[in-house]
Amino acid sequence: MAEAVATRTSPLDGLIAGSVGVAIAQAAPAHRISLRVGADGIPALNKALGLDLPTEPKKSVTAKSGRMALWLGPDEWLVIDEKGDPMADVAGVDAFFSVVDVSHRNTAIKVAGRGARATLEAGCPQDVTDDAFPIGACSRTVMGKIEIVLMRTDANAYRIECWRSFAEYAFEFLSDAAHDCMA
Amino acid sequence: MSGTNRIAGKGRLVPARTVSFTFDGRRLTGVEGDTLASALIANGIHLTGRSFKYHRPRGILSAGPEEPNALIDISRSSNTHTPNVRATVQEVFEGMTAQSQNRWPSLSFDVGAVNNLFSPIFAAGFYYKTFMWPKAAWKHFYEPNIRAAAGLGVSPKEPDPDRYANRFIHCDVLVVGGGIAGLIAARAAAETGASVVVCDEQPELGGALHHEIDTRIDGQEGFVWAQEIGSELAGMDNVRVLTRTTAFAYQAQNMVDLVERVSEHFANPDKLVPRERLWQVRARRVIVATGAIERHMVFAQNDRPGIMLASAARTYLNHYGVAVGSNVAVYTANDSAYRAAFDLKQAGIAVPVIVDARSDVDAGLLAEAEALGIQVLTDHAVVDTKGGLRLKSVRIERVGGGKSRTVEADALIMSAGWTPTLHLYSQSRAKVVWDEESARFLPGKAVQEMVTIGACNGTDALDALLEEAANAGMEAARLAGFAGASGYRAPDAESLTSRRGALMGAAPGAGPETTVKAFVDYQNDVTAKDIRLAVREGMHSIEHVKRFTTNGMATDQGKTSNIHGLAIAADMLDKPIPQVGLTTFRLPYTPVTFGAIVNHGRDRLFDPTRKTAIHKSHEALGAVFEDVGQWKRPWYYPKAGETMHAAVDRECRTVRETAGLFDASTLGKIEVVGPDAAKFLDLIYTNGWQKLAPGRCKYGIMLREDGFIYDDGVVGRIAEDRFHVTTTTGGAPRVLHHMEDYLQTEFPDLRVWLTSTTDQWSVIAVQGPKAREIIAPFVEGIDISNEAIPHMSVREGTVCGAPARLFRMSFTGELGFEVNVPADYGRAVWDALWARAQDLGACTYGTETMHVLRAEKGYIIVGQDTDGTVTADDAGLSWAVAKSKPDFVGIRGMKRPDLVASGRKQLVGLLTADPKQVLEEGAQIVADPNQPVPMKMIGHVTSSYWSENCGRSIAMAVVADGRALMGKTLYVPMPHEVIKVEVTDTVFFDKEGDRING
Amino acid sequence: MRKYSIFAVAREAMRGHRGWDKQWRSPEPKKSYDVIIVGAGGHGLGTAYYLAKEHGITNVAVIEKGWLGGGNTGRNTTIIRSNYLYDESAALYDHAVKLWDGLSQDLNYNVMYSPRGVMMLAHNVHDVQVFKRHIHANRLNGVDNEWLTPGEAKDYCPPLNISKTARYPVMGAALQRRGGTARHDAVAWGYARAASDLGVDIIQNCEVTGVRRGVNGAVEGVETSRGFIGARKVGVVAAGNTTTIMDMAGVRMPLESYPLQALVSEPVKPIFPCVVMSNTVHAYISQSDKGELVIGAGTDQYTSYSQTGGLHILSHTLDAICEMFPIFTRMRMLRSWGGIVDVTPDRSPILSKTPVPGLFVNCGWGTGGFKATPGSAHVFAHTIARDEPHAINAPFSLDRFRSGRLIDEAAAAAVAH
Amino acid sequence: MLLIHCPYCGEDRPELEFRHAGEAHVVRPDPISEISDEEFEAYFFIRDNPKGLTYERWRHMHGCARFFNAVRDTVSDKFVTTYKAGNPKVEIERGEDGIARVKGDGQ
């Protein structure tokens, strides 16, 4: 029997920030998989995951369970689940595909409030206006000097996923931008 | 009272709202809304600066961004002073400190003005012709003095306390310019529901309406209408109105960059409010309504304080309620100056004369002048002026000579016509075309999704302008996808102002036959004479003229001088203006602070700092960190009072005697998954992967197609179709990019996918005789006996209850494991392992010790022992290059003649004759130390350390044909000694390599 | 040629400078020349000058599609240094530095060569290793380059931020005191004036539209927008446009052309005494005699002939400048510009004969050509005159890309490990 | 900053998301191990570097991560078209208006 049982720590533990107009906080720990599969393998995976992987660019789906699947590329999805472990669900699937556990690779930050979009626009060059980036839209893009995965979860709410070692930068960038989000 | 020249009842400011500020130490009072320029003029001050070269006294020329003279140092505290601020743009605020520049000891008495006496010497380009003898004097005497005299303001000397912000936005229609045309276009576009951004560089919208009080729109004064439509626009959800915002760059695909002066006009801005904000706007359509800039008249002594543009005088009067003088003469070649004269006269200012260089002047204007009792001299020219620090009088002559008269005046306002503001248009890469009839450059064919309207488009007639603007707005919206045509109707408007008439180049009496000082570029002291000299010396391209004379290269970038310079050169060359060419405009339209461009990217946000999941534990252990790429890695862990050297010696010893913990998390990791995974790795690496059994690992080398080493690392086979690839720390991103490139474009049929897992895993290397003992209690589901997990194996199980990939491998030559656990568990696992390791007498070690230990074993570090010019064979790694494989990246490149030629530098070991002596990394190696410089260098030291375990120094080096020189003596010439070294193999410790199987 | 001196200037001052003659003649092109140089930048004009001065070949034309000195010569940050790693590079660039020192007197034209020192900053252990390697190699090659501690670097350049808490603290610097700057326009004009005086025809606004080759394949001359001009030898010195010209001669080149941007600040009183470069933080900066901070940016990532680049490239550079010199955030960008730089696979230049008899090429200087101007011109003139490379430029041949004998300074600097 | 149409994402995206990846349609010889030094030079070092229309590769590095091909005018920096990797080289023609278009696309 192991002497100690490890506990999870996040690079953003204890951090919160924001301003009048926007709140910035880290999201709950989650299971994540990077899913790579050709069209032929999708049905089997949909079944295993209990959702339909979006096949259109920038689209995401959220199952009743809260499990989210984000289209990142023509054969690439990021599946996020704060409860169940999708890794286990797809384990037995009989198809050619790649599933890699990236639960700890990413750290997620929630940005919410009237100034949320403006806060993002301080560093994200992509068009995130309502028509181009409606609720549910998601995309890999850049913010400041790092790569992020951006998902719009509500009218004034976004989820930002970045690699763990960039989380501190992402958080500080958003905190800095937050001061100017009502202009 | 806010200044003696403030006229009760004139202007739009509220006299009661006074602000006090200082100029060169003098406490003055202005009014809220004043620019520094208007406040100074109100206080009777025109003298605001000294020119760049001759240090001539200069006054305020303009009322806008084109200002060449009134450049002031502004500050609200010692660490916020900013040089070269245009007084005509900067608004005054309570407590502002304004200082004039480029003068000593004072503005009114400037020793530098002695240059003016030598001005005959200091003609354009004179410094190319002299200061050459004696040779050394340029560096030690001439240049230092020239440099000291040059430069305008003084650079800030303290870090900037202010913030800057950035915003990327997207809109359907961007309107640049908030004058009549821009406002109407914006309003028309907004009506359709299209998202509209309209920006203007001034604090209020209105553009020329600031001074054109005779323009009435929908029955009210134009300026009032502009404010109303402005607030109307601001009230619409789909419109963003940005004032104090200058569009300074027009980039590819309709990206326009704006800079907003957010808080520079406040007395005590909130520290969290940015000083400036950069707006990077991507617009579907752009409407450029940037107006036109008035030109000055180029005549003798046209630079005395009190001489200014007519429209500026009109602005100061009608907007700021300030008279530019008490006795104001007028010199023009354009109708618009008459309006300025009339407004002044009606405001009770004496206007002794209007001098018009033209012979045919609109009869209506002449009649109006007569009615107001203003004398007009047509076909006349101002040929000289008097007055030291302020204009006293002007001398007037009939064009072509004749008897002259002198007229007293404390101000002279002038207009040589209007130059369409085509900077942004030109930046969009479109060409300007010369319009002979109106004698000006106008927009040609747009090359991006943009239109030009209004004055910058040469549209003079008001009714035509109204229609053009309204149509442009609706059309832009339609093209942006808003079909529902705007129901907007342009307002009715009328105006008396005419801008007919233009004079380019020297005014009568300042022609080639004269030697008078007629300034073209005020700030750089370029006269018409200088431009003629440039042409005379063979500078026939306008670019040559510009560079030779520096015309148009001052901080105003030639907004008032370029056209004059061009005309004078054309006249000399006897060529039409367009044939001499117009210099194309580049960003920025007006100077932009570095801060605004850098915005958020300062200090901690300059570049991401990547830390491993275990970073806090390293800090707690007192680690000193090293920057490796963006990563912070523990370099060594000094105990109290320990030097780096002592710490590293201790760490090295402890690892080999007992064990050590090392954070290897920064190594790049890529998960390669799919039925063709092994086939893919066969193509990417030099060695073969098909036969590697699941559960086993192998060291792999990767080449570029040209045959040089690109990266290396250990690869573990987790399952038939799953590999765990590791790369160097710095190599991770480019290696993945390189792999994706080949996978997607060269081998797209392979069924394999790549996923970066660098940040997924924390990697804890446990190395040394007691490694197994340290990890044993924490490992579950893996038999860690030597038999069950031999060297170069990988198993999956749990460590501290966390799912783990346990690698049996070693970069130290000792028994070793690398514990991979999901990163969020990394710190907890490290702490647990460390607690036990400590009890067992082990240590933590950093990158320096890692380097020493691997060097003792002759393991290379790609990027240190190799650079981009080293082949696998050079590095002694031929054993890792498969002989039988038909293809892999680099298979052909590595066989090129020079890569297989003899004499290549090969990796070897070096031992100094004196074991205590440690070579310097990068030191060069020669065979004959007595040869003269330049010496023939046959190699260099790539790695060199004191090896505590070997009890001597060790080094690795690349040496020409090194492997054939084993045992030979070579030399390392240092500045003060020559070091003798012996060539050896690269393994210095445990040559048999038994320890690894511990 | 009227000699330039303070006395001449004083004399002219008396009569309103009306006595100066043209700095260079603007003749109509002759039917044919012994040598035609394509491209009137510093390297091309210099080549013509040395052909005439050192090799007695004066029947030379320099053909320029625009205005002389209007290409990269007039669009760079004028940095001069020779502390390169490889023997071949060090020899070439130091040959240039030796000529820079004394060029004003040689040309009787003040090119304002200002050896105020070029300081290259090391920000991590890897930089230190690389720079030490340079310093040792330079010393044994007789090229000055010395190591400075952070404190010494700060003394040499007071605005420098050497705080240990900086994102990439300064760990030291390599200083070449003979390095510095020169006045770029003056270099082109000085060579043009001196070459013209020796009989060289400088023909501006004349675009080469074709390269004519005889039956034996040898060069016979060039077709231009002003008609055919014959020549026994043609030297192509066209920087970013080299590929286009060489294509006309049927020679495909290992070149790609990228936009390179630079900018200057508004002028201020002397604040920055030397040239500072940082490869890790990526920026370089100096202050001109006029008082402007002269700042070099990187190239855009895509090939282009537009002489225009994106603001994000300038922004990236200014980030670095403000990181190293935080006092400059309130300074303003006054002017920016772009050049077209031709880059070879090993980022070293090509000064070489070509497979076409009589055709020579000088290109591939990438972002660093200005510093080499006199040296490059000098050895290229030798190559054309003698029909064989000078010992210094022999290694910079076109065929090195077949043999693999590259001169890859950047690769030698390797990558962070 | 350029705006680039990603054929996989089906929309225009800012240049900051992309990485230029050199000349397009440079085919890796097969078998590469058999080619001559001249052929290797031609494949690995020689480039068209045209002044005008260029065929080039981009990768939507910080987007869908796909490599794709583009046709761009190196004088105006305007894109004529972009298309997926592996698709055949598109033919371009210049209309009377001087504007380059994919052959057959008409005005």
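Labels below follow one simple rule: chain letters A, B, ... track the order of the sequence lines, proteins then strands, and each chain is numbered from 1. These values consider heavy atoms only, across backbone and side chains, with no hydrogens, waters or symmetry-generated copies.
- Electrostatic pairing of B:D898 and C:R400 does not count as a salt bridge here, judged by no charged N lying under 4.0 Å from a carboxylate O.
- Contacts of B:E921 with chain C are made by both backbone and side-chain atoms, with heavy-atom separations under 4.5 Å.
- What you find for B:P588 and C:S336 is that their closest heavy atoms are CD-N, 4.4 Å.
- With a threshold of 4.5 angstrom between heavy atoms, B:S155 approaches chain C through its backbone and through its side chain.
- Between chain B and the residues C:S5, C:G66, C:G142, C:G291, the largest count of heavy-atom pairs under 4.5 Å involves C:S5.
- Across all non-hydrogen atoms, the minimal contact from B:D867 to C:A411 is CB-O, 3.4 Å.
- Residue B:A901 does not touch chain C at all, counting heavy-atom pairs closer than 4.5 Å.
- A cation-pi contact, defined as under 6.0 Å to the ring centre and within 45° of the axis, links C:K3 to B:W133.
- When C:R193, C:K22, C:Q23 are each tested for a side-chain hydrogen bond (donor to acceptor under 3.5 Å, both in side chains) with B:E537, only one passes: C:Q23.
- Residue B:T847: no heavy atom, backbone or side chain, is found under 4.5 Å from chain C.
- Taking chain B as the reference chain and counting heavy-atom pairs below 4.5 Å, the highest number among C:N205, C:V9, C:L68 is found for C:L68.
- For a residue to count as touching a neighbouring chain, one of its non-hydrogen atoms must lie under 4.5 Å from one of that chain's; by this rule B:P512 touches chain C with the backbone only.
- The candidate with the highest count of non-hydrogen atom pairs below 4.5 Å against chain B, out of C:M112, C:E12, C:M14, is C:M112.
- Atoms CD and OG1, on C:Q129 and B:T942 in that order, are 9.0 Å from each other to the nearest 0.5 Å.
- Counted within 6.0 Å of CZ on C:R405, heavy atoms from surrounding residues, nucleotides or ligands total 12 or fewer; the atom is thus considered open.
- Proximity to chain C involves both the backbone and the side chain of B:Q630, based on heavy atoms less than 4.5 angstrom apart.
- Note: B:D160 CG to C:R330 CZ = 4.5 Å, rounded to the nearest 0.5 Å.
- Between B:P83 and C:E266 the shortest heavy-atom distance is O-OE1, 4.1 Å.
- Taken from CZ in B:R547 to NE2 in C:H184, the straight-line distance is 5.5 Å, to the nearest 0.5 Å.
- Scanning all heavy atoms of the two residues, the minimum distance from B:F594 to C:S265 falls at CZ-CB, 3.8 Å.
- Heavy atoms of B:R604 lying under 4.5 Å from chain C are absent altogether.
- Put simply, of C:K132, C:H17, C:Q204, the one with the most heavy-atom pairs under 4.5 Å next to chain B is C:H17.
- We find the CZ-OH distance between C:R183 and B:Y127 to be 6.5 Å, quoted to the nearest 0.5 Å.
- Judged by distance alone, with hydrogens and angles left aside, the side-chain atoms of B:K129 form no donor-acceptor pair with the main-chain N or O of C:N108 at under 3.5 Å.
- For the pair C:R332 and B:T593, the minimum side-chain heavy-atom distance is below 4.5 Å.
- No other option in B:R586, B:K157, B:Q251 has as many heavy-atom pairs under 4.5 Å with chain C as B:R586.
- Of the listed residues (B:I146, B:T869, B:L533, B:L587), the greatest number of heavy-atom pairs within a distance under 4.5 Å of chain C belongs to B:L587.
- The backbone N or O of C:T329 lies less than 3.5 Å from no partner atom in the side chain of B:R602, so there is not a single donor-acceptor pair.
- Of the listed residues C:Q307, C:E323, C:E292, the one with more heavy-atom pairs under 4.5 angstrom with chain B than any other is C:E323.
- Look at B:E143 and C:R116 and you find a salt bridge, because one of the NZ, NE, NH1 or NH2 atoms lies within 4.0 Å of a carboxylate O, short of that distance.
- The structure places CG of B:N84 at 9.0 Å from CG of C:L334, a figure rounded to the nearest 0.5 Å.
- Smallest separation of non-hydrogen atoms from B:P159 and C:I327: N-CG2, 4.0 Å.
- Screening C:M171, C:R167, C:H123 for a side chain to side chain contact (heavy atoms under 4.5 Å, CB included) with B:D627, the sole residue that qualifies is C:R167.
- Proximity to chain C (any heavy atom under 4.5 Å) is restricted, for B:V535, to the backbone atoms N, CA, C and O.
- Contacts between B:T514 and chain C at a heavy-atom distance below 4.5 Å involve the backbone alone (N, CA, C, O).
- Ring pair B:H544/C:W189 is perpendicular by interplanar angle, where above 60° counts as perpendicular and below 30° as parallel.
- When the candidates B:E276, B:Q280, B:K529, B:R896 are compared by the number of heavy-atom contacts under 4.5 Å with chain C, B:R896 comes out ahead.
- Both the backbone and the side chain of B:I121 have a heavy atom closer than 4.5 Å to some heavy atom of chain C.
- Only the side chain of B:R275 comes within contact range of chain C, with heavy atoms under 4.5 Å apart.
- Note on B:H940, B:K139, B:M935: by heavy-atom pairs under 4.5 Å with chain C, the leading option is B:H940.
- Residue C:R402 touches chain B through its backbone alone, counting heavy-atom pairs closer than 4.5 Å.
- Judged purely by atom type and a 3.5 angstrom limit, B:R147 has no side-chain atom pairing as donor or acceptor with the backbone of C:P273.
- Heavy-atom distances place no part of B:A124 under 4.5 Å from chain C, backbone and side chain included.
- Side chains of C:K290 and B:N524 form a contact here, defined as non-hydrogen atoms less than 4.5 Å apart.
- Side chain of C:N110 to main chain of B:T130: a donor-acceptor pair is present (N/O by atom type, distance under 3.5 Å, no hydrogens or angles).
- In terms of heavy-atom proximity, C:M333 sits nearest to B:I597 at CE-CD1, 3.4 Å.
- Interface remark: of the candidates B:T550, B:L899, B:V85, B:V85 forms the most heavy-atom pairs closer than 4.5 Å to chain C.
- For a residue to count as touching a neighbouring chain, one of its non-hydrogen atoms must lie under 4.5 Å from one of that chain's; by this rule B:Y142 does not touch chain C.
- Interface remark: B:F52 contributes side-chain atoms only to the contact with chain C (heavy atom separation under 4.5 Å).
- No hydrogens or angles considered: a donor-acceptor pair under 3.5 Å links the side chains of C:Y168 and B:D607.
- The closest side-chain heavy-atom distance from C:D101 to B:K135 is below 4.5 Å.
- Note: C:I6 CD1 to B:M132 CE = 9.5 Å, rounded to the nearest 0.5 Å.
- The choice from B:G601, B:A148, B:A249 that makes the most heavy-atom pairs within less than 4.5 Å of chain C is B:A148.
- Only the backbone of C:F401 comes within less than 4.5 Å of a heavy atom in chain B; its side chain stays farther off.
- Top candidate by heavy-atom pairs under 4.5 Å with chain B, chosen from C:G69, C:A13, C:S104, C:A137, is C:A137.
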